[in-house]
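To start, the structure under review is shown below, and the notes come after it.
Here is the naming used below: chain letters follow the sequence lines, and residue numbers restart at 1 for every chain. A quick note: this is a predicted structure, and the numbers were derived from the prediction, not measured.
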Amino acid sequence: MTEKKELVYTKPELKLGYGWGHCPGCHHPIVEKLVCEVLEEMDLAGRAVGVAGVGCSFGFFASINIDGANCAHGAAPAVATGIKHALYGKPLVFTIQGDGDCAAIGGGYVLNAAARGEKITIIMVNNANYGTTGGQLAPTTIMGQVTSTTPHGRNAGQGYPIHLPELLVGMQGVAFTARAAPFTPAGYLRAKSYLKTAFQRQLGEAGLTFVELLSACPPNWHMTPLEAIQWMEDKMLPEYPEGIFKDSGGEQ
Amino acid sequence: MSRGEIAINEQLCKGCGYCVRFCPQSCIAIPGDRFSPQGYLLAVFTEPDKCNACSICGWMCPEFAIDVYRYVEAETPSA
C-alpha cells in the first residue's frame, strides 16, 4: 500500500493572478476569496457582475475572473442598479465597497437603493477607518478608537458609529441584512453562508440584500496583524456583533 | 501520524501569522530568520507530523499562499 497526495484546498479557480498588493493582514483578499468560492459553489460565475467602489476595494476585479466595473466614489449601488436593469437573463449583481465608500459618501445611494428595493447585493467591508488615505475617522470608527484625525480616541463630540445592517432592517425593500467577521475560521464559514443566502435572496427577487464583513487594517491601526485580530475580537465584535438581522425568507 | 501536508508559497507569504494563530495542531511557525523575496518574515511548516489537512490555514491566508494536500491510501497495482 502506498500513499498518494490529494489537493484538498488551493486558491479558487476564479482568482487569476495574485493580489494587487494589499497590506499584510488585510482581510480584503479574504473577501475576494469568499466571493470567488461562493460563486464557484453556486455555479454563478458566468452570470455575476460586480461593481467595486473607491478605496481599498478598488482593485477587486483586477485579478478575479468575474465581470466588474469601477465607478465614482459611493455610487456603486446606483451603477449596480443600472447594470441589473439593463442586462437580460437575470444577472447576479453585487457591489464591493469599503465602509467610507458605503456608509459615508455612498450612504444616500445605499438608503435609496434600499428604499427602491433594488435586487442587488451590497457587500461592505468594514475596517473602522479610511484605510486608503491614511486611517482617518470614518462613520464606522468605534468609540474610543484612535485614528489619525482622533488622536485621543473618538468621543461623543465626534458622533457615534453607523450600524448599516441594523439600520436597513427598517426598510421595506430590504430582504436580507447580516454581518460576519471572517477573521476566524468560524466567522469565515458564517460569512460564506451569509453571502450564499444573500445571493439566493437576490436571485429570488426578494429585494436588496446587504452583507457587512469586518476587516482588520493593521498599518492604520498601528498594530501587527495578530494584535489587530485580537483588538477586533476584544473591541470591534462587541460593537459590531455577527448575525442575521433581517431575512424575509425569499418573500417580497 | 500525519494525514496531510501544506505547501506555503514563499513568493506570496507576507508573514501576517494568521495561519500560525489559527492552526489547531500548531503545525506552522514564523521562525524569524527566514524572509520572502519581498522582505517579509516567512511562515514555515515546522511540524509535518501533526498536520491533519483541515484546510483552516488555507482559509485564513489572505495571500492565497497555502495549498493543502491530504494523503489518501492507494492500492498498490498488482504485478
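- With rounding to the nearest 0.5 angstrom, the CD1 atom of B:I30 is 7.0 Å from the CG atom of A:L226.
- Taken from OH in A:Y9 to SG in B:C54, the straight-line distance is 11.5 Å, to the nearest 0.5 Å.
- Residues B:C16 and A:P225 share a closest heavy-atom pair of O-CB, 3.5 Å.
- Looking at B:Q38, there are no atoms closer than 4.5 Å to chain A (heavy atoms on both sides), in backbone or side chain.
- Between the B:K14 side chain and the A:H22 main chain, a donor and an acceptor come within less than 3.5 Å of each other.
- To the nearest 0.5 angstrom, B:F22 atom CZ is 6.5 Å from A:F183 atom CZ.
- With a 4.5 Å cut-off on non-hydrogen atoms, A:L34 does not touch chain B at all.
- If you measure heavy-atom distances from A:T224 to chain B, you find no contacts under 4.5 Å at all.
- Seen from the ring of B:Y69, A:K5 counts as a face-on cation partner, given the 6.0 Å and 45° thresholds.
- For a residue to count as touching a neighbouring chain, one of its non-hydrogen atoms must lie under 4.5 Å from one of that chain's; by this rule B:I56 touches chain A with the side chain only.
- The structure places CE of B:M60 at 6.5 Å from NE2 of A:H27, a figure rounded to the nearest 0.5 Å.
- Remark: A:E13 CD is loosely packed, at most 12 non-hydrogen atoms of other residues, nucleotides or ligands lying under 6.0 Å away.
- Of the atoms belonging to A:A216, it is side-chain heavy atoms, and not backbone ones, that fall under 4.5 Å from chain B.
- With values rounded to the nearest 0.5 angstrom, B:Y71 atom OH is found 14.5 Å from A:K4 atom NZ.
- A distance of 10.5 Å separates CG of A:L7 from CZ of B:R70, quoted to the nearest 0.5 Å.
- Between B:W59 and A:P182, every side-chain heavy-atom pair lies at or beyond the 4.5 Å cut-off.
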